[in-house]
Amino acid sequence: SSLVDEKPPAKSTIERSTKRCKIAEQFSMSLLSRNFNRPLHLVAEEFGVCNTTFKKICRHHGIRRWPYQRSKV
């Protein structure tokens, strides 16, 4: 019996990118576009993902930058 904890094997890049695509496919372009008038962090929170994951989902759908612009008061 070893006192050192063995780490599980690291996931390959292919496994991670496949998981990311599956997450991105859960959100349609029309669902994303309906929320263009809201800040990214609020939409990500509503969808239950972090900002980074939400940005990756957007990039998967061809959205390079979230289009919301704050109004200057």
Side-chain angles (χ1 to χ4, degrees):
S1 90
S2 174
L3 297 177
V4 178
D5 292 332
E6 294 183 20
K7 292 182 180 178
K11 290 186 179 179
S12 70
T13 305
I14 294 171
E15 288 176 316
R16 285 181 291 200
S17 65
T18 303
K19 184 178 180 182
R20 191 178 311 130
C21 288
K22 287 180 183 179
I23 292 171
E25 290 169 358
Q26 293 176 359
F27 302 99
S28 67
M29 183 62 179
S30 62
L31 180 63
L32 295 175
S33 64
R34 280 183 279 185
N35 290 284
F36 283 169
N37 63 331
R38 300 176 59 218
L40 181 140
H41 70 277
L42 293 178
V43 179
E45 185 179 307
E46 183 179 310
F47 291 159
V49 296
C50 67
N51 288 353
T52 303
T53 301
F54 188 71
K55 288 176 187 179
K56 289 177 183 179
I57 291 167
C58 291
R59 289 187 203 111
H60 178 81
H61 288 285
I63 303 167
R64 296 189 64 164
R65 186 172 185 274
W66 189 247
Y68 175 78
Q69 296 292 319
R70 271 192 280 183
S71 301
K72 294 181 181 180
V73 178

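Numbers here are sequence positions counted from 1.
- For the salt bridge (charged side-chain N to carboxylate O under 4.0 Å, His left out) test, no residue two or more places apart in sequence or in another chain qualifies with Glu45.
- In this structure, Tyr68 is a member of the same hydrophobic cluster as Ile57, with clusters built from ILVMFWY side-chain heavy atoms closer than 4.5 Å.
- His61 contributes atom NE2, which lies 14.5 Å from atom NZ of Lys56 (distance to the nearest 0.5 angstrom).
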Determine all donor-acceptor pairs shorter than 3.5 Å in which one atom belongs to a side chain in residues 29-41; sequence neighbours excluded.
residue, atom, partner, partner atom, Å
Ser30, OG, Ser28, OG, 3.1
Ser33, OG, Met29, O, 3.2
Ser33, OG, Ser30, O, 3.0
Arg34, NE, Ser30, O, 3.3
Asn35, OD1, Arg38, NH1, 3.0
Asn35, ND2, Leu31, O, 2.9
Arg38, NH1, Glu46, OE1, 2.8
Arg38, NH2, Glu46, OE1, 3.2

